[in-house]
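These notes concern the structure reproduced below.
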Amino acid sequence: MGHVMEKIMADVYVRWLRLGGHQVRFQVGTDEHGSKMEQTAKKEGMTPRELVDRNVQTFTSLYDRLGISYDVFIRTTDKKTHWPTVNALWRKLRDAGMLQKRTYTGLYCSGCERFLTKKELVDGLCPDHLRAPEEVSEENWFYALKKDADFLTDLLKNETLQIIPSSRSHEVLSLLERGLEDASFSRPTSSVAWGIPVPDDEGQTMYVWCDALTNYISGLGYFTDHEQKEWWESATITHVIGKDIARFHALLWPSMLKTAGIKTPEQILMHGFITSDGQKMSKSLGNVVNPVEVVEKYGVDALRFFLSHEIPVGNDGDFSWKRFSEIYQSKLGNQLGNLMNRVLTLMIKGNIEISPDMPHPTDMDKTITAKWKHYSGFFDSFSLSEAVQQAMDIVTFCNQMMQTHEVWNHERKNEFLSEFCESLRHIALMLLPFIPDSAQKMSKQLGAPYAESMLNRDFVITKELQTWGGCTDWTHVGTPEILFPKVD
RNA sequence: CGCGGGGUGGAGCAGCCUGGUAGCUCGCGAGGCUCAUAACCUCGAGGUCCCCGGUUCAAAUCCGGGCCCCGCACCCA
């Protein structure tokens, strides 16, 4: 679920950028190497290759289903697209003197098949296997991260690299103050074989960092004959990651880029974790929520809306079926869906056309102008939940107007209804990055002339479209259909 | 003294940085409306803002101390 939230957050943001007329490249990917993959494959009686191919299938079909509008999907096991960049980067880091081979000595538990720290031991024994770990030495390549401590401190302090939310930046800075450790960059092939071989050193396999982090630039073909540097050098780079891998993205990765002579990213957006009914999701507790299940029951947009609306960027959030159903019912169904329905029904029944001269200035018109302003402001600061709230505020406002003016038997009913339709048109546009399919359905029902094309990548919400009455060739509304039906 | 997050009406949260009538969603109670997906609108009940001390004219908000919960293995993502 956390995984899904990350993709949805990124997708919402990307869609907003595209709708603003920006050129965007949206890359996602999977890290497919490592000993865990080897082990899992063994357990399931398949080769690592078969396992990762199966996993990628699962991911891509899930992303497609969720409407994640990525441009590039990078697989770290792709020898054609990913490996060349990684190998070239490794050599650059090595030639710059940042990679050194050292002997690592640690306490190895053969049960866990990994090194344990002293702190993990209970009475000198591995808590899981109740046996004493043995002291094992192995050769590792190390990345001399310590050398870049000052560079990184500056980078974060003057926000050349901005971390959102800023509290995480403090966290990373305090890590820096306490002193960095050099990072292990490889494993002997004898212990991990499923990975990218270290260039010019046959006995070693790359550890995750040089391999996986590099996906950001391997997706652009860096260090190959088909480099697309403009997407990095002249672009604003935003990484969207989980807080658990903060230090690697905020410290190790910028250092690697600097060493290779590539500019560092502008922003890192760190999201929190999702709990389930207040507890960490775990198999043993049986409270794991499968996003597919949610989508099957409520639809993609309901999930996208819930995550955007309920979980402020950067915070941890909670998923509970009860809350989900409440939000779906009340916000999407009763407030938004019902507003659409009541307005369109009145339009159709009264055989009313959209007024070519939208009355203004009115309270409604002023409200919407203000909401658009707040809306984009919140997007700029990655406050996605606040942004979506702006659209919902208009919904509430319309529902109030409808009631207080008893529009259904008001003498200026036609005018009011035109205003509501226009408001709904704006609401749909605002919701477009969040719940694209539903926003399009709304627009189609409203009869907005651009509705058909609004899911295209080059669709832009122009100034005119954002203006009150700015959609001039719009005359009729269509038939209302229930957007968010009740779900048991 | 490992690090971090948190403790606000029944539930989930915002507010804290930049002190000054405690706000939102859901639920609950009463009333209204009837165009609409029994939806919508209005009003209301309900809170020692974890505890103790300090600063201040004034503290949920700042400072000090204490208590409690949750992450930082793996699984899951």
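Basis for what follows: all heavy atoms, side chains included, without hydrogens, waters or symmetry-related copies. Letters A, B, ... mirror the listed sequences (proteins, then strands); counts begin at 1.
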Identity of whatever pairs with [N] - Watson-Crick or G-U, under 3.5 angstrom:
N       : answer
rG2(B)  : rC72(B)
rU34(B) : none
rU18(B) : none

What string of B, S and - do you get for nucleotides 32-37 of chain B 5' to 3' if you count protein non-hydrogen atoms under 4.0 Å?
BSSBBB
Is it the case that more than 12 heavy atoms not belonging to K147(A) sit under 6.0 Å from its NZ atom?
yes
So, using ring-ring contact (aromatic ring centres under 6.0 Å, His included) as the criterion, who are the partners of H410(A) when residues are at least two apart?
F416(A)
Using the [atom1] atom as the point on both nucleotides, what is the distance between [M] and [N], in whole Å?
N       : M       : atom1 : value
rC67(B) : rA38(B) : C1'   : 48 Å
rG12(B) : rC50(B) : P     : 14 Å
rA77(B) : rG9(B)  : C1'   : 34 Å
rC40(B) : rC76(B) : C1'   : 41 Å
rC17(B) : rG29(B) : P     : 38 Å
rC1(B)  : rC16(B) : P     : 33 Å
rC63(B) : rG4(B)  : P     : 15 Å
rA39(B) : rG32(B) : C1'   : 15 Å

If the cut-off is 4.0 Å, is [X] near the phosphate of [N], judged by side-chain N/O to OP1 or OP2?
X       : N       : value
S330(A) : rC26(B) : yes
Q335(A) : rC26(B) : yes
Q400(A) : rC40(B) : no

With no hydrogens and no angle check, just 3.5 Å: does a side-chain donor-acceptor pair link [X] and [Y]?
X       : Y       : result
N215(A) : R75(A)  : no
S184(A) : N140(A) : yes
D393(A) : Q389(A) : yes

Send over the distance from M270(A) CE to rG71(B) C1', rounded to a whole Å.
16 Å
Please report, rounded to the nearest Å, how far the P atom of rA11(B) is from the CD1 atom of I327(A).
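I327(A) atom CD1 is separated from rA11(B) atom P by 17 Å.
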Does Y207(A) have R187(A) sitting over its ring (NZ/CZ under 6.0 Å from centre, angle to axis within 45°)?
yes
Residue pairs passing the side chain to side chain donor-acceptor pair (under 3.5 Å) test with at least one member in residues 323-339 of chain A, sequence neighbours excluded, are E310(A)-R323(A), K322(A)-E326(A)
